Number of protein chains: 2
Amino acid sequence: MFKNTSTQFQFYYIYKVRKTIFIFTALVIALLALFQLSKYSIITGNSSVETIIAIIAIIFFVIGILINRRVLHKEKIKPQEIDHKKIETLGLSKREYEVLCEIASGLSNKEIAEKLFVSESTIKTHVSNVLVKLDAKRRTQAIQKAKELKIIPY
Amino acid sequence: MFKNTSTQFQFYYIYKVRKTIFIFTALVIALLALFQLSKYSIITGNSSVETIIAIIAIIFFVIGILINRRVLHKEKIKPQEIDHKKIETLGLSKREYEVLCEIASGLSNKEIAEKLFVSESTIKTHVSNVLVKLDAKRRTQAIQKAKELKIIPY
DNA sequence: ATGAATTTCATACTTTAGTATGAGTGTTTT
DNA sequence: AAAACACTCATACTAAAGTATGAAATTCAT
């Protein structure tokens, strides 16, 4: 299970790196442009050095804010993603993970059994295994731990 | 219940405004200091104008990033804030809400009773009331509903 | 100060949750 | 083919969870 996650991560990484390269290139170009502007201004003597420095400072201040807003926006969405690797390291099987998700949505064993078309005793077995693997005493504690481990969505 | 929330918000607001004022004051001072440095450098002629501009650009770029990180960090926490108004409209009492929070953290009735220094039967009464008020059949469903209603933190 | 709401507790009961054990059926790996 | 694993199911049991009812003490606002 969860075999196609690695390729997904690769594509995401390439996309992220490309954008970073683009932003830094734009930054360097802007810096060079400002150098030229400042040299011209000093030669002509029309504007004071203070004004130029102030403009540069403001521009880079704004650039810093804008870049950070984009980066942190991605980080904001990220923590809601589930950690497939942790599910595997915990030894949770596909069916056990399914049951865990249904527990978190507030269903009883009987309701889970009906939803997955199996007997209630089967669900009880799965629940017991989930509790052992998550080191939890109750299903409510399992929900809490699963959320801490980021293996179920909020 | 929850009568001192408005005063708490006031203090939080004052704290926030103070910090913003402090940051902007620091920014202005830094700007003025850089002006003086640049003037001195130009007079002595030791460093080139490009270097000074580059330093200023980098400094303000970093300042922009740092400020934004703090602002967005607060926004990040905000959506996790609990809706006190909804708690009141649901008719949840102070104690019932306390019990609800302990349920969400994965504790059993017995453990909650020990933590709040009351008997287990008292907790059972509270839990029953919480289930009715949240229209839930089980405590796991109560957790799920409470999170949807944003009356408990994630 | 009186009525309303909250908090507390108990007892008796039903239902659900969880454990332990064993076992049958597939699937995959060695 | 045999071992290992995942999924299924059952039975019997213990432990929690949840309901219903009643009641006493406390808090709080009008």
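Remember, it's a predicted structure, so these values are computed and weren't measured experimentally. The figures here come from the full heavy-atom set of this structure, side chains too, leaving out hydrogens, waters and symmetry mates. Numbers restart at 1 for each chain; the letters A, B, ... are given by sequence-line order, proteins then strands.
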Roughly, in whole Å, what's the span from [atom1] in [X] to [atom2] in [N]?
X: A:Ile103; N: C:dT16; atom1: CD1; atom2: P; result: 16 Å
X: A:Glu120; N: D:dT8; atom1: CD; atom2: P; result: 15 Å
X: B:Leu92; N: C:dA5; atom1: CG; atom2: P; result: 16 Å
X: A:Lys137; N: C:dG18; atom1: NZ; atom2: P; result: 13 Å
X: B:Asn129; N: D:dA17; atom1: CG; atom2: P; result: 17 Å
X: A:Glu111; N: C:dT16; atom1: CD; atom2: P; result: 9 Å
X: A:Leu116; N: D:dA6; atom1: CG; atom2: P; result: 18 Å
X: A:Leu100; N: C:dG18; atom1: CG; atom2: P; result: 12 Å

Salt-bridge test for A:Lys145 and A:Glu148: reply yes if a basic N is under 4.0 Å from a carboxylate O, no otherwise. no

Whichever of B:Glu96 and A:Lys110 has the more 5' nearest nucleotide on DNA chain C, that residue is B:Glu96

Short side-chain N/O contact to [N] OP1/OP2 from [X], under 4.0 Å:
X: B:His126; N: C:dT8; result: yes
X: B:Arg138; N: C:dT16; result: no
X: A:Asn109; N: C:dT16; result: no
X: B:Ser93; N: C:dT7; result: yes
X: B:Ser128; N: D:dG18; result: no

Pick base, sugar-phosphate or nothing for A:Ser108, based on heavy-atom distances below 4.0 Å to the nucleic acid.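 A:Ser108: backbone/sugar contact only, no base atoms under 4.0 Å.
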
What does A:Ser119 touch in the nucleic acid at a heavy-atom separation under 4.0 angstrom: a base, only the sugar-phosphate, or nothing?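 A:Ser119: backbone/sugar contact only, no base atoms under 4.0 Å.
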
Please name the pair of heavy atoms, one in B:Thr140 and one in A:Arg139, separated by the smallest distance, quoted to 0.1 Å. CG2-CD, 3.6 Å

Between A:Asp83 and A:Leu149, what is the shortest heavy-atom contact and its length? CB-O, 4.1 Å

Where the side chain of A:Glu111 meets the backbone of A:Ser108, is there a donor-acceptor pair that is under 3.5 Å apart? yes

Out of [options], whichever nucleotide has its closest atom nearest the side chain of [X]:
X: A:Arg139; options: D:dC9, D:dA17, C:dA17; answer: C:dA17
X: B:Lys124; options: D:dC7, D:dA17, C:dC9; answer: D:dA17
X: B:Arg95; options: C:dA17, C:dT7, D:dC9; answer: C:dT7

Are side-chain N/O atoms of A:Thr122 and A:Thr125 paired as donor and acceptor at under 3.5 Å?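 A:Thr125 and A:Thr122 do not have a side-chain donor-acceptor pair below 3.5 Å.
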
